[in-house]
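Read through the structure below, which is laid out as structure tokens, and then see the notes.
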Amino acid sequence: MSLSRALLLASLVAPVAGQKKNVLFITVDDMRPSIGAFNFSLAHTPNLDKLAAEGLVFKRAYVQYAFCAPSRNSFMSGRRPDTTRVWNFQDHFRQPTSAPGGGAGGENWLAMPEYFKKNGFLTLGSGKLYHPQVPPDNDYPLSWTTDYDYYCPECPPPKCPHSSAVGPPNGDFNCLVKDPPITYTLCAASTLANETKFEAQLEDQRIRDNCIHHLGIANSTIASKKYDNFFIGCGFHKPHVPWVFPAEFLQYFPEDITDIPLADDTFAPQGMPEVAWHFPADVHGIDIQPNGTANYTRSRIFRRGYYAAISYTDYNIGKLLESLATYGFEDNTVVIVFGDHGWQLGEHDTWAKMTNFEVAVRTPLIIRAPWMKASVGRVTSVLAEAVDFYPTLAALAGLPDPSTQSQELNGTSLLSVFLNPDDITVKSAAFSQFAKPSKENPYNFWPTPARNATEIMGYTVRVDDWRCTYWFGFNKATITVNTEEVLGIELYDHRGDPGELDWAGEHVNVATNPENAAILSTLRAKILDYIQLK
């Protein structure tokens with residue numbers, strides 16, 4: 001969006017917004033759109049559904065990378081992976097250009113919470129917002145108000161010196177149900193959902209309570225006039241594996257696992273290039289061979305566990321939103337909830353994320369801004385990207401456009417969509433990408449390749465009716481994409497897609513169909529224009 005248009009929109013919303021607004025930023029690890037607000041009939045997500053009924057649902061929102069650390073480096077900085085130069089678990093956007101393979105030089109960038117901090121907000125964080133240690137110490141002190149420590153059970157001191165967490169992430173629990181029996185992926189735990197004793201709590205319960213504690217800090221500091229506004233970040237882990245959650249959440253899903261549907265198509269897409277796929281990951285006990293070899297009984301058990309883990313997170317989010325209302329912040333706080341990427345539950349015969357398929361890069365995005373009356377209870381089909389969160393939240397909170405403070409963000413403010421959710425012209429495409437370490441073994445994604453060890457980079461673009469992906473060779477000496485070395489092409493037909501997570505159009509690669517030559521050429525041009533590593 002141009003600076004002039006951003007300033008015009010800001011002037012339009014200013015009389016509605018009045019004073020600056022607070023931000024409650026909630027990200028959920030590995031959560032795909034398997035929630036009620038996205039028409040998933042098996043879901044038990046009453047709190048997210050209520051939030052959706054009061055806010056704006058983005059049915060076509062996409063992250064820029066389907067892996068935790070690169071995705072979070074991207075949306076927390078407001079820059080795309082080609083700009084952050086992060087597509088692994090070693091690098092981060094704060095690295096200088098002198099770092100191996102050339103860092104982004106983002107030492108002086110204002111990350112999203114840092115931008116709010118610079119503009120006078122109290123900024124507090126708990127849980128997994130940045131990926132632990134990339135950037136170091138959860139970007140403390142740059143992103144966070146230094147009167148208070150960051151709370152990160154996953155990264156206690158000394159790894160994260162300013163984390164106030166102590167001991168292991170979880171308290172004491174037993175698995176009442178677990179699968180597989182020895183090295184489990186699913187554990188329905190003895191812990192109660194409303195457990196308040198620290199020594200008995202699971203990690204996300206501790207994160208939830210610390211987020212609520214941060215709301216209390218915000219309440220007292222605003223009452224004392226020390227601060228006028230807050231940005232509070234809360235990062236929940238589940239449904240990240242292992243799926244450890246209070247056993248009571250299983251009750252919401254059929255005990256007879258034959259009533260748990262499998263993926264619509266448990267085979268890799270027809271005509272898919274090898275480089276597009278990976279062996280099932282992150283789960284135990286799923287047969288690791290391509291095409292139809294998965295254990296269907298275990299697949300149903302795991303899908304039930306994943307859905308229960310989302311219900312557990314929904315419960316924790318509900319408690320957090322209750323506290324927001326109790327403190328009287330409900331009407332003047334932007335609440336955003338989303339997943340850091342999607343997750344494959346047997347779709348395309350694979351498990352976990354780490355692909356460029358729709359189910360891996362799509363995120364359930366809900367934003368509630370009660371003063372934006374036209375957005376309340378609405379659903380929009382605009383193509384949204386996670387890099388858009390930073391400028392959009394700044395606009396909704398009443399802050400200047402980040403470009404006026406020397407921030408060259410890659411995202412677009414979606415403020416206009418809150419004024420008219422039916423206007424989807426603000427963006428015409430959403431982009432994602434994924435790097436791989438070996439041309440010889442194109443299924444491999446691990447270890448995530450260092451910049452100077454990357455051999456493959458795949459870029460995907462989603463437009464209204466299509467998804468197109470090009471896999472290119474990567475020059476690890478110059479850290480550039482070799483666009484003349486095409487390792488695979490995918491084209492998936494989304495015409496008529498009502499927003500299904502497992503759309504049949506992604507079961508067949510139609511890139512070689514002669515009638516698709518024109519659209520393939522158009523989308524190839526979009527991808528080539530998008531690539532910065534040239």
Side-chain angles (χ1 to χ4, degrees), residues 63-77 79-107 109 130-136 139 155 159 272-282 288 290 340-341 350-357 360-361 410 431-460 469-490 527-528 530-534:
V63 300
Q64 278 47 78
Y65 206 102
F67 223 160
C68 303
S71 178
R72 291 166 185 269
N73 268 266
S74 177
F75 66 69
M76 293 296 281
S77 70
R79 278 87 170 175
R80 300 182 186 278
D82 272 14
T83 305
T84 65
R85 300 173 72 87
V86 177
W87 48 85
N88 55 44
F89 282 59
Q90 303 92 263
D91 296 321
H92 57 87
F93 69 89
R94 295 290 190 195
Q95 288 175 309
T97 56
S98 59
E107 303 98 313
W109 292 354
Y130 296 102
H131 192 84
Q133 297 186 283
V134 282
D139 205 42
C155 191
K159 289 196 298 182
M272 174 201 76
E274 285 189 345
V275 70
W277 194 80
H278 68 73
F279 289 110
D282 287 2
I288 303 180
D340 65 343
H341 41 66
T350 192
W351 289 75
K353 45 265 188 181
M354 311 110 169
T355 72
N356 275 329
F357 294 129
V361 297
N410 297 149
F431 295 87
S432 309
Q433 65 194 88
F434 200 87
K436 290 195 167 187
S438 173
K439 294 177 191 175
E440 183 179 354
N441 298 296
Y443 288 160
N444 289 1
F445 64 86
W446 192 268
T448 56
R451 285 185 285 258
N452 53 13
T454 302
E455 294 190 2
I456 300 169
M457 186 69 81
Y459 293 90
T460 187
T469 306
Y470 270 76
W471 296 90
F472 298 110
F474 193 87
N475 188 324
K476 55 190 177 184
T478 60
I479 321 298
T480 56
V481 178
N482 182 2
T483 57
E484 299 301 314
E485 184 184 9
V486 179
L487 305 177
I489 304 172
E490 300 168 84
I527 287 174
L528 293 178
Y530 171 81
I531 297 171
Q532 298 178 41
L533 301 172
K534 300 175 181 177

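Along the sequence shown, residues are numbered consecutively beginning with 1. If you're wondering where the values come from, they're calculated on a predicted model, not measured in any experiment.
Between the Gln95 side chain and the His92 main chain, a donor and an acceptor come within less than 3.5 Å of each other. One N or O on the side chain of Asn475 and one on the backbone of Thr478 form a donor-acceptor pair closer than 3.5 Å. For the pair Ser77 (side chain) and Asn73 (backbone), a donor-acceptor distance under 3.5 Å is present. Looking only at distances, a side-chain donor or acceptor of Arg85 sits under 3.5 Å from a matching main-chain atom of Gly101. Listed for the Thr84 side chain is a donor-acceptor partner under 3.5 Å among the backbone atoms of Val86. With Thr97 contributing its side chain and Gly105 its backbone, the two residues share no donor-acceptor pair below 3.5 Å.
In this structure, Asn452 and Pro100 have side chains that are in contact, with non-hydrogen atoms separated by less than 4.5 Å. For the pair Met457/Phe472, no side-chain contact is recorded, criterion being any heavy-atom separation below 4.5 Å from C-beta on. Residues Pro273 and Glu490 form a side-chain contact, since some pair of their non-hydrogen atoms from C-beta on lies under 4.5 Å apart. A 4.5 Å side-chain heavy-atom check between Trp471 and Val486 finds every atom pair outside the cut-off. Side-chain contact between Phe93 and Pro135 is present, with at least one heavy-atom pair separated by less than 4.5 Å. Side-chain contact between Asp340 and Val63 is absent, with no heavy-atom pair separated by less than 4.5 Å.
With sequence neighbours excluded, the residues forming a side chain to side chain contact (heavy atoms under 4.5 Å, CB included) with Asp282 are Val241, Trp343, Ala352, Lys353, Met354, listed by chain and number. For Thr460, the side chain to side chain donor-acceptor pair (under 3.5 Å) criterion is met by Arg467, Thr469, not counting sequence neighbours.
Between Ala66 and Val361, the shortest heavy-atom distance links the atoms CB-CG1, 4.1 Å. The heavy-atom pair separating Ile456 from Thr454 by the smallest distance is O-CG2, 3.4 Å. Between Cys155 and Pro132, the closest heavy-atom pair is CB-CB, 3.9 Å. A pairwise comparison of heavy atoms in Pro437 and Asn444 identifies CD-O, 3.4 Å as the closest pair. Heavy atoms only, all atoms of each residue included: Tyr65 and Pro81 are closest at CD1-CG, 4.1 Å. Contact record, Val134 with Gln90: CG1-O, 3.6 Å, taken as the closest heavy-atom pair.
In this structure, Leu487 CG and Asn482 CG are separated by 8.5 Å, a value rounded to the nearest 0.5 Å.
Ion pair Lys439/Glu274 not flagged as a salt bridge, since none of the NZ, NE, NH1 or NH2 atoms sits closer than 4.0 Å to an Asp/Glu carboxylate oxygen. One finds no salt bridge joining Glu455 and Lys436 here, because no Lys/Arg side-chain nitrogen approaches an Asp/Glu carboxylate oxygen to under 4.0 Å. Asp91 and Arg451 are joined by a salt bridge, as a carboxylate oxygen and a charged side-chain nitrogen come within less than 4.0 angstrom of each other.
With Asp82 as reference, Gln433 is the one residue of Gln532, Gln433, Lys534, Gln64 to meet the side-chain hydrogen bond (donor to acceptor under 3.5 Å, both in side chains) rule.
Residues Tyr459 and Phe434 keep their aromatic ring centres 6.0 Å or farther apart. Between His341 and Phe67, the ring centre distance reaches or exceeds 6.0 Å. Within the 6.0 Å centre-distance limit, the rings of Phe279 and Tyr443 are counted as a close aromatic pair. A centroid separation of less than 6.0 Å is found between the aromatic rings of Phe474 and Trp87.
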> After noting the C-alpha distance and the side-chain angles of Trp446 and Phe89, does the key distance pass the ring pair (Phe, Tyr, Trp, His ring centres under 6.0 Å) rule?
Replying inline: CA-CA 10 Å; Trp446 192 268; Phe89 282 59; 5.8 Å; yes

>> side-chain contact (heavy atoms from CB on, under 4.5 Å), that's the test. Do Ser74 and Arg79 meet it? Break it down for me.
In response: CA-CA 5 Å; Ser74 177; Arg79 278 87 170 175; 5.9 Å; no

> Which is it for Ser432 and Asn356 under the side-chain hydrogen bond (donor to acceptor under 3.5 Å, both in side chains) test, yes or no, and what are the steps along the way?
Replying inline: CA-CA 7 Å; Ser432 309; Asn356 275 329; 5.5 Å; no

> Could you walk me through whether His278 and Phe445 pass the side-chain contact (heavy atoms from CB on, under 4.5 Å) check?
Replying inline: CA-CA 7 Å; His278 68 73; Phe445 64 86; 3.6 Å; yes

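For the pair Arg94 and Trp109, the cation-pi test (distance below 6.0 Å, angle within 45°) is failed.
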